[in-house]
Amino acid sequence: MVEIKTDTALDAMREAGRVVAQALAAAREAAGVGVSLQELDEAARTVLAKAGARSPFLGYRPSFAPTPFPAVICTSVNDAIVHGIPTGYRLRDGDLVSVDCGAELDGWTGDAAITFTVGTPRPADLNLINATQQALDAGIAAATPGNRIGDISHAIGTIAEAARCGMPADFGGHGIGRRMHEDPHVPNRGRPGRGFPLRPGLALAIEPMLMAGGHDDYYAALDGWTLLTTDGSRAAHIEHTVAITEEGPRVLTLP
């Protein structure tokens, strides 16, 4: 069931999205050579607590997961694509880090992700981040009334293909609102003019995940959560929660 949100609901989601942006900024600011992934999680937890927000990640257990998720952020490093668990791993110079975060505030949810480098960046990593950001921007630009989910998917996939990057076919964006994951699914590849129609009040989490090796294959780590590139290439994940409005896309997870 797809819920079309009122303007009041979207305003409430904007406040949840603001908390997400603040938590991601805190995690990024805390990151540095020698800093543990758990310390990034602690920085995000502090932001959520001060805002009076709940984490939709903490304790989340979808059907594929062997255990509930133990943190408020996902931290995916280097060849990890998404769903990485914050551990005691200490960041090293040149690491590529994706952080995904959600927040529920007053019954409404926001979800976003960022990717950044630690210490001295590799040029190839900067190119991967740039391509992933371009894919997200293209997807957001296609999120207008009269278009369909396939238009968003096609816009993302076109950028990924031009950058010769792979994407995990089974994972993509999703509807969002009262819960973190709602209908409809938003694939990162698709045919324009196909799929669920985009109407004002629809809220979507749009999240390209690009893999530098150009292959789509991935596998799950022993923790049952972290998804890794099969070829060992690096991955980037950037996400925003976006509302469809008559005036155009409204990004709800900006600072």
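Nothing fancy with the numbering, it's 1 onward along the sequence. Because only heavy atoms are used, hydrogens play no part in the values below, and waters and symmetry mates are left out as well, while side chains stay in. None of these values were measured; they are calculated from a predicted model.
Taking T75 as the reference, nothing meets the side chain to side chain donor-acceptor pair (under 3.5 Å) condition, with sequence neighbours excluded. Remark: R45 engages D41 in a salt bridge (charged side-chain N to carboxylate O under 4.0 Å, His left out) (not counting sequence neighbours).
Residues D11 and R250 are paired through a salt bridge, judged by an N-O separation under 4.0 Å between the basic side chain and the carboxylate.
Neither L126 nor V118 shares a network with the other; the hydrophobic side chains, linked directly or stepwise wherever heavy atoms of I, L, V, M, F, W or Y lie under 4.5 Å apart, form separate groups for each. Side-chain heavy atoms closer than 4.5 Å link hydrophobic residues (I, L, V, M, F, W, Y) into clusters, and following such links, even through other members, never connects L202 to L252. Cluster membership check: I206 shares its hydrophobic cluster with L210, using side-chain heavy-atom separations under 4.5 Å among Ile, Leu, Val, Met, Phe, Trp and Tyr.
As a member of the Ile/Leu/Val/Met/Phe/Trp/Tyr network built from side-chain separations under 4.5 Å, M209 groups with I81, V82, F171, M211, Y218, L227.
The backbone N or O of T241 lies less than 3.5 Å from a partner atom in the side chain of T253, making a donor-acceptor pair. No donor-acceptor distance shorter than 3.5 angstrom exists from the side chain of R148 to the backbone of L198, with no hydrogens or angles considered. The backbone N or O of G213 lies less than 3.5 Å from a partner atom in the side chain of S233, making a donor-acceptor pair. Side-chain N or O atoms of D216 include none that pairs as donor or acceptor with a backbone N or O of A169 at under 3.5 Å.
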Review item, side-chain donor-acceptor pairs of residues 176-183, under 3.5 Å, at least two apart:
residue, atom, partner, partner atom, Å
R178, NE, E3, OE1, 3.2
R178, NE, E3, OE2, 3.1
R178, NH2, E3, OE2, 3.0
R179, NH1, H181, O, 2.8
H181, ND1, Y60, OH, 2.9
E182, OE1, K5, NZ, 3.0
E182, OE2, R178, N, 2.9
E182, OE2, R179, N, 3.0
D183, OD2, M1, N, 3.1

* Test side chain to side chain contact (heavy atoms under 4.5 Å, CB included) on R90 and S36 and set out the steps. => CA-CA 4 Å; R90 294 193 176 277; S36 74; 4.0 Å; yes
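Pairs passing the salt bridge (charged side-chain N to carboxylate O under 4.0 Å, His left out) check and including a residue from residues 232-241, sequence neighbours excluded, read D125-R234. For residues 98-154, the set of pairs meeting the ring-ring contact (aromatic ring centres under 6.0 Å, His included) definition, not counting sequence neighbours, is empty.
From T67, atom OG1 reaches atom CG of D223 across 7.5 Å, with rounding to the nearest 0.5 Å.
In summary, of the residues considered (I156, I129, I159), a side-chain contact (heavy atoms from CB on, under 4.5 Å) with Q134 occurs for I159 alone.
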